[in-house]
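One structure below.
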Amino acid sequence: MKFLEYTNLDRLNVFMGHLNLGERTIKGCLEAYSCKHAGTDKRLSLSLENEMLDYLGKSSDTDSSSPVDLLLSRSSRKALIYLVLTLYQMYPDYDFSAVKAHQFFSEESWDTFTQIFNNYMFEASKEWTERNEDGSLLEAIYEALDEVVKLAECEIYVYNPNPNADPFVEEGAIWSFCFLFYNRKLKRVAGFRFCCISNLASDAFLADSPPFGEDEEIFDDMDM
């Protein structure tokens, strides 16, 4: 996957990178990738494909929770691989399973994204409006994404993993979302992750942590 640079995405990331709203901080990041294999992508793609084929061979048709229907289609498996590869780019230290990832992906519409965005990012949107005179935050995001992936031609996915295995959750997280916008024709994926962090929880976590160097002093006083 090749990282794509766009000025409009950079502008939005500067605004949403660390938006302090008092008791809460909003963090958002927009990233765009070409689905062209680079580095270890080819080997990882083959591994993910084999994982899905192995799953298909072991799955029962009577298993109602099985993702067999989707995984039977080669084009759908390919799309899933691109989505998982994008997650790897966004979170390189996390090991994503293609089959498990499928169970946490759901296809959504732009209207659904808009509703979620308006419900959870209204404070960020208000802050954007106060700082900018060229439209709303949602409009700016739409224009930036449309430039990269042509939203009218996109499949939109939201990634909702088990909270206990969520790579997006930070200390003090109140909520988090990760949307992926995939254009099959252009072979591009744009990812948008945004979350809200409690500053009170973060401050408490830092207060409970020993000051830098204190651990060394403790060990220095111990008889080894």
### Query
So does Glu130 have more than 12 non-hydrogen atoms from other groups sitting under 6.0 Å from CD?
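Enclosed: over 12 neighbouring heavy atoms sit under 6.0 Å from CD of Glu130.
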### Query
If you count the non-hydrogen atoms of other residues, nucleotides and ligands that lie under 6.0 Å from CD in Glu107, is the total more than 12?
yes
Atom [atom1] of [X] and atom [atom2] of [Y]: how far apart are they, to the nearest 0.5 Å?
X: Arg193; Y: Leu180; atom1: CZ; atom2: CG; answer: 10.5 Å
X: Phe3; Y: Thr86; atom1: CZ; atom2: OG1; answer: 12.0 Å
X: Met90; Y: Phe192; atom1: CE; atom2: CZ; answer: 10.0 Å
X: Arg11; Y: Leu30; atom1: CZ; atom2: CG; answer: 12.5 Å
X: Phe194; Y: Met16; atom1: CZ; atom2: CE; answer: 9.0 Å
X: Lys150; Y: Leu186; atom1: NZ; atom2: CG; answer: 7.5 Å

### Query
Listed by chain and number, what are the ring pair (Phe, Tyr, Trp, His ring centres under 6.0 Å) partners of Phe179, not counting sequence neighbours?
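For Phe179, the residues satisfying ring pair (Phe, Tyr, Trp, His ring centres under 6.0 Å) (neighbours in sequence not counted) are Phe113.
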### Task
With sequence neighbours excluded, tell me which residues meet salt bridge (Lys or Arg N to Asp or Glu O under 4.0 Å) with Glu123.
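Expected list: Arg24.
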### Task
Scan for side chain to side chain donor-acceptor pair (under 3.5 Å) pairs involving residues 177-186, sequence neighbours excluded, and state none if there are none.
Glu153-Asn183, Glu155-Arg184
Of all heavy-atom pairs between [X] and [Y], which one has the smallest distance, and what is that distance?
X: Arg77; Y: Met52; answer: O-CE, 3.7 Å
X: Asn119; Y: Phe122; answer: O-CD2, 3.2 Å
X: Gly28; Y: Asn13; answer: O-OD1, 4.1 Å
X: Leu85; Y: Ser45; answer: CD1-OG, 3.4 Å
X: Leu12; Y: Ala144; answer: CD1-CB, 3.7 Å
X: Cys154; Y: Val149; answer: SG-O, 3.2 Å

### Query
Below 4.5 Å, heavy atoms only, C-beta onward: do Leu87 and Phe105 meet side chain to side chain?
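Leu87 vs Phe105: side chains touch.
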### Test item: Trp110 and Phe181 side chains (from C-beta on) under 4.5 Å apart, heavy atoms
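Sidechains of Phe181 and Trp110: in contact.
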[X] (side chain) donor-acceptor with [Y] (main chain) under 3.5 angstrom:
X: Asn118; Y: Thr114; value: yes
X: Ser47; Y: Arg43; value: no
X: Arg188; Y: Ala32; value: no

### Query
Do Glu147 and Asn8 have side-chain atoms, one donor and one acceptor, less than 3.5 Å apart?
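Yes - a donor-acceptor pair under 3.5 Å links their side chains.
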### Query
Mind checking what makes side chain to side chain contact (heavy atoms under 4.5 Å, CB included) contact with Gln89, not counting sequence neighbours?
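Only Met1, Tyr33, Asp41 meet the side chain to side chain contact (heavy atoms under 4.5 Å, CB included) criterion with Gln89.
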### Pairs touching residues 9-31 that satisfy ring pair (Phe, Tyr, Trp, His ring centres under 6.0 Å), sequence neighbours left out
Phe15-Trp128
### Message
Let me check something: do Tyr91 and Val189 share a hydrophobic cluster, defined by ILVMFWY side-chain heavy atoms less than 4.5 Å apart, either directly or through other members?
### Response
yes
#### Entry: Tyr82 reachable from Leu46 in the ILVMFWY side-chain graph, under 4.5 Å edges
no
### Message
Suppose we screen for side chain to side chain donor-acceptor pair (under 3.5 Å). Which residues come up paired with Thr25, at least two apart in sequence or across chains?
### Response
Asn199
